[in-house]
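Chain A is the first sequence line, chain B the second, and so forth, proteins listed ahead of strands; every chain is numbered from 1. Reckoned from all heavy atoms, side chains included, excluding hydrogens, waters and symmetry mates. Everything numeric in this text was worked out from a predicted model, so none of it was measured.
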Amino acid sequence: MGADLSRCASVFLPFYPCPPYPSVVKSFPVLPHKQIELKLQAAVRAVLPDADVSAVLVRPCPDPKFGDYQSNALMSLAKQRKLNPRQLATDTLAKLDVNEWCETVEIAGAGFLNFRLKVSVLTQTLEAAARGEHLFFDKASQSKTVVVDFSSPNVAKPMHVGHIRSTGIGDALQRTLRLLGHRVISDNHIGDWGTQFGMLICGYKHLLDVAAFKRSPVDELVRLYKKITEQIQKEESEAETAAWAKNPNDIAVDIEARDVGSKTVNECRYELVLLQRGWPENVAIWKEMIALSQKQFDAIYGRLGVKFDVTLGESFYNPWLGEVVASLLARGIARESEGAVGVFSDGALPPKEDPFLVNRDGEWVADPALVRKSDGGFNYMTTDLATIDYRLKTWAPDEIVYVVDDRQGPHFKKLFIAFTRWQPDAAGKVKLVHVGFGKILGDDGRPFKTRSGDTVKLGDLLDEAEERAFKIVSEKNPELPEAQRREIARVIGLGAVKYADLLPNRQSDYIFNWDKMLALQGNTAPYLQYAYARIKSIFRKLENPESRIQNPELKPAAPEELALARHLLNFGITLEAVAEELRPNYLCNYLYDLASHFSRFFENCPVLKADDAATRDSRLALCDLTARVLKQGLETLGIETVEQM
RNA sequence: GCGCUCGUAGCUCAGUUGGAUAGAGCAACUGCCUUCUAAGCAGUCGGUCGUGGGUUCGACUCCCGCCGAGCGCGCCA
């Protein structure tokens, strides 16, 4: 890769289509809690003109007996300023006029403000939603551009269970951000470059089973990789044994012998060099491997309904890597050490927080981020630096989000600091975020494998999920035609798997369990889908479905109706929290609560057989709104719904 | 050794700027299908939030010590 393509990256950038900026119509917030919040912030400013009111928030009450919404911001504000919290609350209340939306505001406890929504406001908000004016969330007041980097499988390897987390979380995040009106570029940074291609090409040239390769290319590549690895190990240990026999007293000899003793290792290195220098035969083989792997990735993404705006693998950045290292050297960010080039600590941070230092036996020693190996090859740190540079120049994002395993935390810490030192101005304009997640473990607490010790392929997992769901669907609804049962099973099975992965806090490891992952009871996707299907069933039994919900009047009166209605209004708060903290599980829990509220309503409040027409129409409208939020919420998690199940 | 993450009910996990009596699912037990889908609802049982201190009007949440688990720590990604 000798050509100097890289003096000014932007000149050479190929064109990749990416989503346009969404048109954001700035309007008054549709949700009452937001309007109360704005009023409250104004009141606080009136009392404390220099206060930062961005943390003055209005949240749902944990217990309805306190009211609908609360703010506890005044207590922390009072604490910071050593004021009496109740006095501050009283003063703020004097400046606060929320009569338009609330009953009398109460000061409670140490200084909580409790707001109780007027039923008329609740009703108006619901009716506006029923007319299609909103769905309980506001678009972001400021649209951001966010690059979401997720999934990133490796070429020549099958996607396995380990990929669900990055893929599922990343997809849910991109969907959430888009829903809130942000401009998202989802990028699949696939692993299509690296030393393993030396081995793969070597295997391809000598050991390829053409028929097997045609049948299942990735499986054959995995076999080749294993075969070559075994061969190398065998040759190395033979060389080592021979060397020991010859020279039993020389401790160093075995290491050297291993290194030069394997014919295959040298062949692999040679093939890698040929590839790196652009030898046509090797490049063609490499490209074929990528194309065939991509086909398999696409099959999985198709099933999962995951879409990427761009797929720019590691190799895409090859032309810039030399320039990156040269630039780092020129600016004194990196230096040479033992033949390699690395970014070292600049001493700006205390040793404990400095990712470029590591403590060994009480001494802080250098732990550099290598950007060029002593053999001249580049490291993934180099690629990642080039990638940030490219993304900034191409899309000018406000944020780049990496949905990657927590174990790579130290790498990202180094990467972000290295980039900031390299390009301080550019770095100041972007927020770089590592969205880490825990491991999937087996029952034994060790990384999850099949009984035979292999990793579980993602495709097999999805098959199993659909199969299990099909059995249940067939038990529950034997009268449905098979094609429909298959389709229901597909939606239920995939939904169960995705939801089970999104529900736990992403940071924690979780123990994989088939029954749990494919469970169809309790806090699971099928429970939410079931609530949706029950609503749809009501509408199927209605004579004139559309005519009844054109411009309905909402009269929530029963406790179950009111609780359901109030919960609908919290959809937006939840979506914002997901986008802010990049945690899709908040949405899972919101939707589970929504479905629970609906189930209670469904048990206690007859809809079609309501006492009078007005109540029936009001309840129908409430059902319709619940269905719309459930569908939208599930869709935002990447989960489909069915009309009947 | 050093660093990071974590430790909440028998099991698997939530717990939204530090906030009001710590929640759910599974498992166990008890009721509810001639009324819109029982993949459901109602209820019982079950926790000194690893442990000992500290900060605070208030701590599962923040700080420190200890115990226990997992992960990471120069030329793989």
OP1 or OP2 of [N] less than 4.0 angstrom from a side-chain nitrogen or oxygen of [X], does that happen here?
X        : N     : result
A:Arg360 : B:G74 : yes
A:Asn505 : B:C13 : no
A:Arg372 : B:C75 : no
A:Asn585 : B:G15 : yes
A:Ser508 : B:A14 : yes

hbond_proxy A:Asp405 side chain to B:A77 base (donor-acceptor, 3.5 Å cutoff):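 Counting by modelled atom types and ignoring angles, no donor-acceptor contact under 3.5 Å is found here.
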Atom-to-atom span, [atom1] of [X] to [atom2] of [N] - whole angstrom:
X        : N     : atom1 : atom2 : result
A:Arg506 : B:U16 : CZ    : C1'   : 13 Å
A:Glu581 : B:A14 : CD    : P     : 14 Å
A:Leu272 : B:C76 : CG    : P     : 11 Å
A:Asn523 : B:G25 : CG    : P     : 8 Å
A:Asp192 : B:A77 : CG    : P     : 12 Å
A:Lys352 : B:U5  : NZ    : P     : 11 Å
A:Trp364 : B:G1  : CH2   : P     : 14 Å
A:Lys414 : B:G74 : NZ    : P     : 8 Å

A:Glu643 vs A:Arg540, side chain to side chain contact (heavy atoms under 4.5 Å, CB included): CA-CA, chis, key distance, verdict: CA-CA 9 Å; A:Glu643 303 292 298; A:Arg540 267 198 303 280; 4.0 Å; yes
From the set [options], return the single nucleotide nearest to any side-chain atom of [X].
X        : options             : answer
A:Asn72  : B:G19, B:G40, B:C13 : B:G19
A:Gln408 : B:A77, B:G25, B:G74 : B:A77
A:Gln70  : B:A20, B:G70, B:U5  : B:A20
A:Asp367 : B:U5, B:C13, B:C73  : B:C73
A:Asn359 : B:A14, B:G1, B:G19  : B:G1

Comparing A:Ala340 and A:Leu57 on RNA chain B - which has the more 5′ nearest nucleotide: A:Leu57
Nearest-nucleotide comparison on RNA chain B, the residue closer to the 5′ end among A:Thr524 and A:Ser337: A:Thr524
Any side-chain to backbone donor/acceptor pair from [X] onto [Y]? Under 3.5 Å, distance only.
X        : Y        : result
A:Glu640 : A:Val491 : no
A:Asn505 : A:Gln507 : yes
A:His163 : A:His160 : yes
A:Ser151 : A:Thr167 : no

Tell me what [X] touches on the nucleic acid: a base, only sugar-phosphate, or nothing, going by heavy atoms under 4.0 Å.
X        : value
A:Phe378 : sugar-phosphate
A:Tyr586 : sugar-phosphate
A:Lys65  : base
A:Lys79  : base
A:Phe112 : base
A:Ser54  : nothing
A:Ala108 : base
A:Gln196 : nothing

If you take all heavy atoms of [X] and [Y], which pair is closest and at what distance?
X        : Y        : result
A:Ala558 : A:Arg619 : CB-NH2, 4.3 Å
A:Val161 : A:Ile440 : O-CD1, 3.6 Å
A:Leu518 : A:Arg468 : CD1-CD, 3.2 Å
A:Leu637 : A:Cys588 : CD1-SG, 4.0 Å

Separation of A:Asp367 CG from A:Asp354 CG (nearest 0.5 Å): 9.5 Å
Stacked cation flag A:Arg534 on A:Phe598, 6.0 angstrom / 45 deg: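 That pair does not qualify as a cation-pi contact.
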If you measure from the [atom1] atom in [N] to the same atom in [M], how many Å do you get, rounded?
N     : M     : atom1 : result
B:C73 : B:C13 : P     : 25 Å
B:G23 : B:U16 : P     : 13 Å
B:G72 : B:C66 : C1'   : 23 Å
B:C29 : B:G65 : P     : 47 Å
B:C32 : B:U51 : P     : 41 Å
B:U12 : B:C6  : C1'   : 16 Å
B:G46 : B:G25 : C1'   : 14 Å
B:U61 : B:G50 : C1'   : 16 Å

Side-chain donor-acceptor contact under 3.5 Å, A:Asn585 with A:Arg506: no
5'-to-3' dot-bracket of RNA chain B (Watson-Crick, G-U; under 3.5 angstrom; crossing pairs as [ ]; | other strand): (((((((..((((.....[...)))).(((((.......))))).....(((((..]....))))))))))))....
Per-nucleotide protein contact string for nucleotides 28-39 of chain B, where B marks a base within reach and S marks sugar-phosphate only (heavy atoms under 4.0 Å, - for neither): -------SBBSB
Option passing ring pair (Phe, Tyr, Trp, His ring centres under 6.0 Å) with A:His189 (candidates A:Tyr380, A:Tyr402, A:Tyr317, A:Phe316): A:Tyr317
Near-parallel close stack of A:Phe66 and B:A20 base (under 5.5 Å, under 30°):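 So A:Phe66 counts as stacking on the base.
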Syn or anti conformation of B:C33, syn meaning chi within 90° of 0: syn
